[in-house]
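Contents: one structure, followed by commentary.
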Amino acid sequence: MDALLLGSSTGGLSLFISGKSSWRSKDLKAVHFPNVAKRQNQKQRVKGSAIRVQVPTNKSYNLIGNFYTQRIQHCARGILETSTVFQKSNTKFLVNATSGHPLESEPKAYPNTPWNSAKNALDAFYRFSRPHTVIGTALSIISVSLLAVEKLSDISPLFFTGVLEAVVAALFMNIYIVGLNQLSDVEIDKVNKPYLPLASGEYSALTGIMIVTSFSIMSFWLGWIIGSWPLFWALFVSFVLGTAYSINLPLLRWKRFALVAAMCILAVRAVIVQLAFYLHIQTHVFSRPAVISKPLIFATAFMSFFSVVIALFKDIPDIEGDKIFGIKSYTVRLGQEKVFWTCISLLEMAYGISILVGATSPYTWSKVITVLGHSVLASILWIRAKSVDLKSKAAITSCYMFIWKLFYAEYFLIPLIR
């Protein structure tokens with residue numbers, strides 16, 4: 001639709017909507033209506049792409065005709081603009097589809113308000129802190145602390161204060177460890193985890209260094225002023241192992257070596273967390289002599305299995321980047337499928353041992369809950385494992401996060417072992 005042509009003659013008013021028509025007065029000879037009744041029954045004739053509206057020659061009708069002509073012109077322009085926008089949008093949609101980009105709405109330009117800036121900053125820090133590790137650390141400390149509770153009166157403000165001190169200090173150290181790992185793996189994360197703030201460019205290297213330095217200092221400061229030696233040594237050993245695991249210095253960056261990397265994670269997640277934080281509550285908060293109990297031994301043994309599984313499983317979705325940058329993980333050396341089923345087998349074995357330990361409890365309530373709970377978790381794990389597509393990185397990553405949920409669930413069952 002290229003033109004709207006309006007013409008008038010002594011016979012009347014006529015409007016043409018045509019592709020490239022030109023106006024001629026002889027085309028506009030009006031058909032006169034002999035009376036008002038016929039004028040009320042005027043008809044529109046549509047032929048091809050042309051629409052003719054004929055109105056008697058009268059000043060009032062000419063005014064009405066002009067009015068409707070302007071309205072039709074406006075509508076025609078709107079139709080043209082809508083058509084053009086639709087064609088551009090459709091073209092962009094097709095380009096995105098054929099180029100492999102997800103078919104999502106484009107990012108919107110939000111105004112740079114203080115509120116939006118604060119939200120963006122919190123979101124970036126949330127991803128930088130690796131929230132699944134933060135949740136795991138907090139739950140493990142709370143669960144292990146409950147192992148030191150012997151009677152109901154132990155659940156007191158003193159107990160909650162001791163647990164809170166340990167959780168906060170440990171979370172500060174956790175952020176240091178995961179942050180240092182990201183600083184050391186920026187190029188690898190651009191391939192494996194491009195959504196992390198350092199890999200995506202949201203954080204500069206200087207910002208990352210400032211964050212990890214600040215949190216390590218705050219962790220040691222809090223551990224020192226609390227005055228608990230088990231807590232302080234837990235923070236110190238975690239700092240040493242976390243640094244040696246990630247930092248790219250001679251004789252360090254132990255994550256390059258699959259066995260050493262697994263031992264680092266096992267030492268922190270299985271041994272230090274269970275023993276040191278239990279002793280923090282038992283000796284510092286309750287001022288009791290250290291006692292190695294059955295639940296504590298079980299927690300340490302079970303989490304040794306789980307820590308090895310996490311150490312192995314975390315490399316399965318990262319095989320592409322690890323191959324490029326020479327990280328000789330077990331997944332790179334043995335293949336995704338073999339490592340995947342090794343992890344599932346280790347966890348099923350751990351659940352089997354847990355069921356046997358629970359069955360030996362002298363307390364009926366503990367026996368029922370722990371046997372039933374571990375049986376359910378083992379069944380859910382097996383069903384989930386059978387449904388994972390090992391050719392899909394997204395499916396493997398989703399299963400890895402599911403393993404962490406099982407890790408969380410276990411810490412709800414550990415205090416019930418008796």
Side-chain angles (χ1 to χ4, degrees), residues 130-133 135-137 139-140 143 178 192-193 245 255 257-271 273-274 297-323 327-359 369-414 416-417:
R130 309 296 279 143
H132 63 281
T133 65
I135 296 170
T137 298
L139 281 178
S140 61
S143 178
V178 297
N192 291 337
K193 304 179 185 74
Y245 177 87
K255 69 181 296 180
F257 312 107
L259 181 61
V260 180
M263 291 301 102
C264 285
I265 295 174
L266 184 148
V268 174
R269 288 285 175 190
V271 180
V273 168
Q274 320 308 317
I297 295 171
F298 168 80
T300 304
F302 186 92
M303 285 305 163
S304 295
F305 277 91
F306 231 120
S307 299
V308 171
V309 169
I310 288 175
L312 296 176
F313 209 111
K314 72 178 184 60
D315 294 327
I316 299 178
D318 293 345
I319 186 171
E320 183 180 351
D322 289 349
K323 280 182 177 179
I327 304 297
K328 301 298 182 182
S329 65
Y330 280 116
T331 302
V332 171
R333 293 159 60 183
L334 303 176
Q336 289 178 302
E337 184 173 359
K338 186 173 290 187
V339 174
F340 176 84
W341 286 110
T342 298
C343 291
I344 300 302
S345 300
L346 285 173
L347 278 184
E348 293 292 355
M349 189 185 306
Y351 282 130
I353 295 171
S354 302
I355 291 170
L356 293 177
V357 171
I369 294 174
T370 54
V371 170
L372 183 61
H374 287 111
S375 299
V376 170
L377 293 177
S379 301
I380 293 173
L381 171 63
W382 184 254
I383 294 170
R384 178 63 185 270
K386 296 290 287 184
S387 68
V388 175
D389 179 7
L390 295 177
K391 296 180 181 179
S392 168
K393 179 177 179 178
I396 296 172
T397 302
S398 176
C399 188
Y400 173 60
M401 299 312 299
F402 175 74
I403 296 293
W404 273 95
K405 291 176 182 176
L406 294 178
F407 181 81
Y408 306 154
E410 187 59 34
Y411 275 114
F412 285 96
L413 292 175
I414 283 176
L416 303 178
I417 296 288

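Below, all heavy atoms of this structure are taken into account, side chains as well, without hydrogens, waters or symmetry copies.
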* Considering all heavy atoms of both residues, which atom of L390 and which atom of Q336 are nearest to each other, and what is their separation? -> O-OE1, 3.7 Å
* Would W404 and Y408 satisfy side chain to side chain donor-acceptor pair (under 3.5 Å), going step by step from the backbone distance to the final call? -> CA-CA 6 Å; W404 273 95; Y408 306 154; over 6 Å; no
* Donor-acceptor contact below 3.5 Å, side chain S375 vs main chain V371 -> yes
* To do: Locate the shortest heavy-atom distance separating F340 from C399; write the atom from each residue and the value.
  => CE1-SG, 3.9 Å
* Looking only at non-hydrogen atoms, find the nearest pair between I403 and L381 and report the distance. => CD1-CD1, 3.9 Å
* Shortest non-hydrogen separation from V273 to S140 and the atoms involved -> CG1-OG, 3.4 Å
* To do: Measure the shortest side-chain to side-chain distance between F407 and H132 over non-hydrogen atoms and say whether it is less than 4.5 angstrom.
  => no
* Structure fact -> Nearest heavy-atom contact between H374 and L413 is NE2-CD1, 3.8 Å
* Shortest non-hydrogen contact from S398 to R384? -> OG-NH2, 2.8 Å
* Could I get the full list of side chain to side chain donor-acceptor pair (under 3.5 Å) partners for T133, not counting sequence neighbours? => N174
Would you list the atom pairs, donor with acceptor, under 3.5 Å between side chains in residues 347-358 and any protein atom, with sequence neighbours excluded?
residue, atom, partner, partner atom, Å
E348, OE2, W382, N, 3.4
S354, OG, A350, O, 2.8

* Asked: For Y330, what residues pass the ring pair (Phe, Tyr, Trp, His ring centres under 6.0 Å) criterion, not counting sequence neighbours?
  -> none
* To do: Check whether any side-chain heavy atom of V339 sits under 4.5 Å from a side-chain heavy atom of C343, and report yes or no.
  => yes
* Verdict with reasoning, T137 to R269, per side chain to side chain donor-acceptor pair (under 3.5 Å) -> CA-CA 8 Å; T137 298; R269 288 285 175 190; 3.2 Å; yes
* Asked: Between D322 and K328, is the closest basic N to carboxylate O distance under 4.0 Å?
  -> no
* **Test item: S329 and V332 side chains (from C-beta on) under 4.5 Å apart, heavy atoms** => yes
